[in-house]
Protein chains: 2
Amino acid sequence: MKLGEGVEAAIHCTATLASVEGNSTMPGAALAECFGLSASYLLKHLNMLTAASILESVPGPAGGYRLARAAERITLLDIVLAIEGREPAFRCGEIRRNGPVKIDASAYVKPCGINAAMLKAERAYRAALAELKLSDIVADYAAEGDPRSFAASCAFVARHQRPQKSSSTPQKQM
Amino acid sequence: MKLGEGVEAAIHCTATLASVEGNSTMPGAALAECFGLSASYLLKHLNMLTAASILESVPGPAGGYRLARAAERITLLDIVLAIEGREPAFRCGEIRRNGPVKIDASAYVKPCGINAAMLKAERAYRAALAELKLSDIVADYAAEGDPRSFAASCAFVARHQRPQKSSSTPQKQM
DNA sequence: GGGTTCCTACTCGGATAACGTATGTCCGAGTAAATCTGG
DNA sequence: CCAGATTTACTCGGACATACGTTATCCGAGTAGGAACCC
């Protein structure tokens with residue numbers, strides 16, 4: 001049981017993007033510089049987040065990434081599933097059937113109890129992740145984090161964010 | 001997030017070993033045959049379970065594996081941690097510090113909020129796994145599983161278990 | 001001077017290698033049972 | 001016939017190759033901005 005390295009980067013980048021104002025975007029290279037990561041590799045993860053409709057990408061100069069929806073509607077579960085895949089961590093290979101004595105398939109119509117137990121635990125994990133909204137992460141960071149690092153992050157975002165010409169989404173559509 | 005293939009084998013084997021009576025043992029080769037696995041590779045996982053004090057191994061002829069303690073005192077969490085390691089699935093690389101602007105280390109004395117959130121979810125996962133006792137798995141299998149496969153498993157165990165010398169319950173059956 | 005056209009520079013996106021971990025296999029150390037031998 | 005040492009066969013344990021997945025990198029497609037040019 002081990003999560004990929006990209007999950008951490010994805011969460012940090014998503015949290016950072018939650019600080020950009022309006023429909024401005026932030027280039028992936030800036031995000032990579034922000035966390036000392038390889039820009040080329042981070043793009044892959046950001047692309048996965050885009051495919052999962054968590055981020056939006058704007059090509060061309062002054063382009064970049066932006067949250068696809070409000071931070072209140074993004075959970076850590078969304079990010080983890082986007083990066084690690086939606087498959088359950090425990091995959092039942094039905095090895096109970098591979099024994100030497102072959103039994104009729106009708107004996108295995110019921111799901112494997114071990115698989116059910118593991119999936120039950122995993123549902124608890126995902127439920128806990130679904131409770132954690134990105135907006136809460138950012139709020140906690142602003143409230144309990146060190147003011148110096150918070151200010152530095154805000155300054156970095158303000159320096160690298162590129163306002164859009166209201167191409168796709170106007171100011172606000174609430 | 002993906003669990004290794006060996007976790008499934010380890011749980012199945014441990015559940016099977018819960019059916020052997022007294023202090024009898026069952027060879028690893030028999031367990032491998034029971035689930036159609038590679039014997040050489042299964043030994044590695046069984047060895048990990050032994051190192052975690054979940055199983056006991058008896059060398060020599062008529063040797064094999066046996067539960068180190070009652071099935072009521074073995075949880076799925078014990079097995080998963082023995083195979084996958086006790087490290088948390090989410091490893092915080094502290095990438096927040098790797099930014100271009102260097103800030104004094106005193107700004108990072110507080111733990112990373114993202115790491116705290118992920119660990120909180122993982123605690124929920126482990127707590128759910130700790131609630132699942134091996135005895136419950138076996139009981140559910142005996143109660144709700146198909147009688148044919150259950151009988152076949154019992155017959156396989158009875159055929160391959162090897163009573164030990166100090167056993168006070170001798171059973172001679174071929 | 002204004003509008004149009006072309007060019008450039010910057011962005012994301014996917015295809016392509018290198019590394020590390022998990023998987024799979026092999027042979028050696030150890031032990032208890034069975035056997036052989038001597039009394 | 002019984003006791004003891006020896007042989008033996010079976011077990012686990014760790015060391016050695018292999019395969020897959022993740023990590024890391026590069027180059028190409030696309031777009032918007034800016035500059036040059038013509039009217």
Side-chain angles (χ1 to χ4, degrees), chain A residues 1-10 13 17 24-33 35-52 55-66 68 83-85 87 89 91 93 95 160-168, chain B residues 1-10 13 17 23-33 35-52 55-66 68 83-85 87 89 91 93 95 160-167:
Chain A
M1 177 167 181
K2 201 173 55 178
L3 274 72
E5 196 76 17
V7 175
E8 183 183 11
C13 289
L17 286 173
S24 300
T25 62
M26 194 165 168
L31 287 167
E33 184 191 358
F35 298 109
L37 301 172
S38 160
S40 307
Y41 183 41
L42 185 62
L43 266 291
K44 178 187 281 275
H45 295 312
L46 295 176
N47 191 13
M48 288 180 181
L49 292 172
T50 304
L55 299 184
E56 281 179 355
S57 68
V58 176
Y65 291 95
R66 135 188 64 182
I83 301 296
E84 294 287 326
E87 308 283 318
R91 298 150 296 169
I95 62 174
H160 285 280
Q161 70 179 355
R162 309 287 186 196
Q164 297 299 299
K165 277 198 140 181
S166 71
S167 54
S168 56
Chain B
M1 176 167 182
K2 201 173 54 177
L3 274 72
E5 196 75 17
V7 176
E8 183 183 9
C13 289
L17 286 173
N23 59 355
S24 299
T25 63
M26 194 166 166
L31 288 168
E33 183 191 358
F35 298 110
L37 301 172
S38 161
S40 305
Y41 183 40
L42 185 62
L43 266 292
K44 180 187 282 274
H45 294 311
L46 294 176
N47 192 14
M48 288 179 181
L49 292 172
T50 304
L55 299 184
E56 281 178 354
S57 68
V58 176
Y65 291 95
R66 136 187 61 181
I83 301 296
E84 294 288 325
E87 309 281 320
R91 297 149 297 169
I95 62 175
H160 286 281
Q161 69 179 356
R162 309 285 185 192
Q164 296 301 298
K165 197 154 99 175
S166 57
S167 174

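Lettering follows sequence order; numbering is per chain, from 1.
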Taking every non-hydrogen atom, the tightest pair across [X] and [Y]:
| X | Y | value |
| --- | --- | --- |
| A:Y65 | A:L55 | CD2-CD1, 4.3 Å |
| A:P163 | A:S24 | CA-OG, 3.3 Å |
| B:L42 | B:G28 | CD2-O, 4.0 Å |

Which whole-number value in Å describes the distance from [X] [atom1] to [N] [atom2]?
| X | N | atom1 | atom2 | answer |
| --- | --- | --- | --- | --- |
| A:L31 | C:dC12 | CG | C1' | 13 Å |
| A:R162 | C:dT11 | CZ | P | 7 Å |
| B:H160 | D:dT11 | NE2 | P | 11 Å |
| A:L37 | D:dT23 | CG | P | 12 Å |
| B:F35 | C:dG24 | CZ | C1' | 19 Å |
| A:E56 | C:dC12 | CD | C1' | 14 Å |
| B:E8 | C:dA22 | CD | C1' | 16 Å |
| A:E87 | D:dG21 | CD | P | 12 Å |

Worksheet item: From A:L31 CG over to A:L17 CG, what is the distance, rounded to the nearest 0.5 angstrom?
Response: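 So the CG of A:L31 and the CG of A:L17 are separated by 5.0 Å.
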Under 4.0 angstrom between [X] side-chain N/O and [N] OP1 or OP2:
| X | N | result |
| --- | --- | --- |
| B:S57 | D:dG13 | yes |
| B:T50 | D:dC12 | no |
| A:Y41 | D:dT23 | yes |
| B:N47 | D:dC12 | no |
| B:K2 | D:dT22 | yes |

Worksheet item: Of A:S40 and B:G64, whose nearest nucleotide on DNA chain D comes first from the 5' end?
Response: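 First, find each residue's nearest nucleotide; the 5'-ward one identifies B:G64.
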Item to complete: Please tell me which of A:S38 and A:G60 maps to the more 5' nucleotide of DNA chain D, matching each residue to the nucleotide holding its nearest heavy atom.
Response: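 Its nearest nucleotide lies further toward 5', so the answer is A:S38.
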Item to complete: Kindly point out which of C:dT31, C:dT25, D:dA24 is positioned nearest to the side chain of B:P61?
Response: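 Comparing C:dT31, C:dT25, D:dA24 against the side chain of B:P61, the answer is C:dT31.
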Discussion item. Side chain of A:K44 only, heavy atoms from C-beta on: which candidate in D:dC12, C:dT16, C:dC12 is closest?
Written reply: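 Given the options D:dC12, C:dT16, C:dC12, the side chain of A:K44 is closest to C:dT16.
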Discussion item. On DNA chain C, does the nearest nucleotide to B:P59 precede the nearest nucleotide to A:P27 from the 5' side, or the other way round? Give the residue.
Written reply: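 Between the two, 5'-proximity favours A:P27.
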Practice prompt. Compare all side-chain heavy atoms of B:E8 with those of A:R91 and state whether any distance is below 4.5 angstrom.
Written response: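 Answer no - side chains too far apart.
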